[in-house]
Protein chains: 2
Amino acid sequence: MKELVTIKAIARQLGVSPSTVSRALQDHPRISLHTREAVHALARQLNYFPSTTARNLKSGKTGIIAVVLPEIRENFFSEIINGIEELAFDRGYTVALYQSHDKVEREERIFTGLASQRVDGILVSVAKETQRFGHIQAVIDRQIPVVLLDRIPPGIAAHRVGCDMERGAYEATKWLAGRGYKRIALLNGPIALVASEDRYRGYVKALLEENLPVENALIKRVDLTTPDVIDKMTQLIQSAIRPDAVLAFNDYVALDAMRACRAQHLRINVDIGFVSFANLPLTTYMDPPPLASVEQHPFRMGTTAVEILLATLVEDNESAEFQTIMLKPELVVSQAAMRVQEA
Amino acid sequence: MKELVTIKAIARQLGVSPSTVSRALQDHPRISLHTREAVHALARQLNYFPSTTARNLKSGKTGIIAVVLPEIRENFFSEIINGIEELAFDRGYTVALYQSHDKVEREERIFTGLASQRVDGILVSVAKETQRFGHIQAVIDRQIPVVLLDRIPPGIAAHRVGCDMERGAYEATKWLAGRGYKRIALLNGPIALVASEDRYRGYVKALLEENLPVENALIKRVDLTTPDVIDKMTQLIQSAIRPDAVLAFNDYVALDAMRACRAQHLRINVDIGFVSFANLPLTTYMDPPPLASVEQHPFRMGTTAVEILLATLVEDNESAEFQTIMLKPELVVSQAAMRVQEA
DNA sequence: CATATATGCGCAAACGGTTGCGCAAAAACC
DNA sequence: GGTTTTTGCGCAACCGTTTGCGCATATATG
């Protein structure tokens, strides 16, 4: 077992004190050029690296940003991390990753660990359908800055970064109406999700503006499982007012709903138009893809969250002002889908 | 700014020494029950959490496992992390995440950082087409255990965890031959990738066993971009010996190749059968999916790598024995695809 | 009752750095 | 040449926790 190269080791070999070595390494002006060079030379020769742990202890910081997400393998979230890692790495921060698997219990265990880990900040997209937020409040009470990402529960005093999905739903619905669709269905998510409410409001607002009736028969809630989506979509098709377009909660719902349509011998985007949310790579694999998808900018959500977090870290004290940044969603129209429709 | 709750603070309030508090918290038998209870009570009341940083400094460990991957948003890799996080969290380790974006330069910068960060171990899936591995050797020289994941370069003395893709290609080809396919094409990856060689060897081995000719015209290398895949697939279709089946380098290649076939009015899995590698969720979205896909078990690769790493951490000294674990791939036959074919 | 053992706790060093302060010697000033 | 300033470096404390050792006092042993 080789000895670890420390400042003390360098000091001993050079016959100077550890403090001199420390200062020399920082190019402190009060250390003679001669000594500085000698220290640097020996440090390089011995392959010295400063101990981050020791520095952390001194500074009270860890340089770690914890990221707590429901599920990494979901494209939306891995894209968020992608953005987070990008910026954090540039700024010299380490990204620690945790998955809640959408379970509050696990989320709570994670946060307890984070409290003693003393990470410099936490970016969290909370487990869905949760009403308990004590664990989040606990770390906030310990002065650890928190940024809520995408899934933003009410009643927590923290920074927030999200995407304005009411607006996204509004624009998507307006776009469909503008293209002549009259009976636009909404395949919405579970009632417990704020995201569902947002989409509902945007959808209704657009319909009213376009003087289209808001038909309850055209609005379905799904639990996001394939069988339920197929079931609800089939109901829509067979109802008295068959929709000529569907606004789907997300790309996965759109995919399943399309399958249901195909099973009923409806031609996608010809007999029935589709628009969905997220704009995941998934849509480019679909054949045909939805006519359009509302881009939520997960990558930018990640970088924005890190920016806000790092900004609060350098601030003199807590300015107690919490920022809320809502990214503007973007309706991305699929060229491929439009071509199919023209044909 | 509230004072941080430390062992010293508790000691002061209780009129005992810090060492007593430390031992009381560990339920050391030489501390009286009375004192122990008092310490525990006050610690709870003050909401005391031990400083991980201080402990790290003492122990010389960090409790951090660094994971260096090319691209998190690729499903295969996010599934690997999923497995890593799962086991690491259970064992009380923190997962630090880094992306190389398949760039050696960035990988090198990451490894330099890791050396001074003094992580307890590194799991790495190296950037592709790289021949420089000095940065990896450097951390190994610093006694940081390294496990090579999936992409396993030669000449590095480290643990290895992968999936035996020669065997996967062999079994996939055998399966196709067994179903009566005679002209099986191989849409392989770039020559620089070890993964391409593996598939080639397994493919050839199976053909020979099945007494099928190895036709060079049926073997194409693609650079994994959509245009190139479409180009090469079109060449295959229009060649003298048109293949009746295609073994694709991975699911994405299969997807693009299928599009090329459809453009040439070939019915997927009817006129031309498809088998690919990875078995990503992507295949379940495809319509129709490949007949079969070789599952590479990324999740298990992640957990296995962590297991090996943690095992070396508890070992008394370096046993200098490096493990190589090759998971057995599994040919997953798609029910949906088979139904389409029967019809 | 004397010796041996057990009990309960504190001292101080250590982990690897950083930094305020002070002290001596050299250089600059009048 | 005396005073001030600058230069170069070391001392020691500190970050929060752990732990070997030692010192009392209390209890057990013969």
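Atom set for the values below is all heavy atoms of this structure, side chains included, hydrogens, waters and symmetry mates excluded. Numbered from 1 within each chain, the chains take letters A, B, ... in sequence-line order.
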Are T303(A) and E86(A) linked by a side-chain donor-acceptor pair shorter than 3.5 Å? no
Are any of the side-chain nitrogens in R151(A) or D102(A) under 4.0 Å away from the carboxylate oxygens of its partner? yes
Ignoring hydrogens and geometry beyond distance, is a side-chain donor-acceptor pair present between D120(A) and T62(A) at under 3.5 Å? yes
Taking all atoms of both residues into account, what is the closest heavy-atom pair of R160(A) and A158(A), and its distance? NE-O, 3.6 Å
Can you find a side-chain donor-acceptor pair between S19(A) and S22(A) that sits under 3.5 Å? no
Distance, rounded to the nearest Å, where N56(A) contributes CG and dT17(D) contributes C1': 15 Å
One character per nucleotide, please: for nucleotides 18-25 of chain C, 5' to 3', B when the base has a protein heavy atom closer than 4.0 Å, S when only the sugar-phosphate does, - otherwise. BBB-----
L57(A) CG - dA13(D) P separation (whole Å): 17 Å
When the distance from CG of L4(B) to P of dC14(D) is rounded to whole Å, what number comes out? 17 Å
For V21(B) and R118(B), take the nucleotide of DNA chain C holding the closest heavy atom to each; which residue's nucleotide lies nearer the 5' end? V21(B)
Taking only side-chain nitrogens and oxygens of K8(B), does any of them come within less than 4.0 Å of OP1 or OP2 of dC15(D)? yes
Please list, by residue number, the residues of residues 31-43 of chain B whose heavy atoms come closer than 4.0 Å to an atom of DNA chain D; answer none if no residue qualifies. none
One should read off an interatomic distance between Q99(B) CD and E74(B) CD, to the nearest 0.5 angstrom, of 10.0 Å
Would you mind reading off the distance between K61(B) atom NZ and dG16(C) atom C1', rounded to a whole angstrom? 16 Å
Taking all heavy atoms of L69(B) and all of S125(B), pick out the closest pair and write down the distance. CD2-CB, 3.6 Å
Would you say the side-chain atoms of S116(B) pair up with the backbone N or O of T112(B), donor to acceptor, closer than 3.5 Å? no
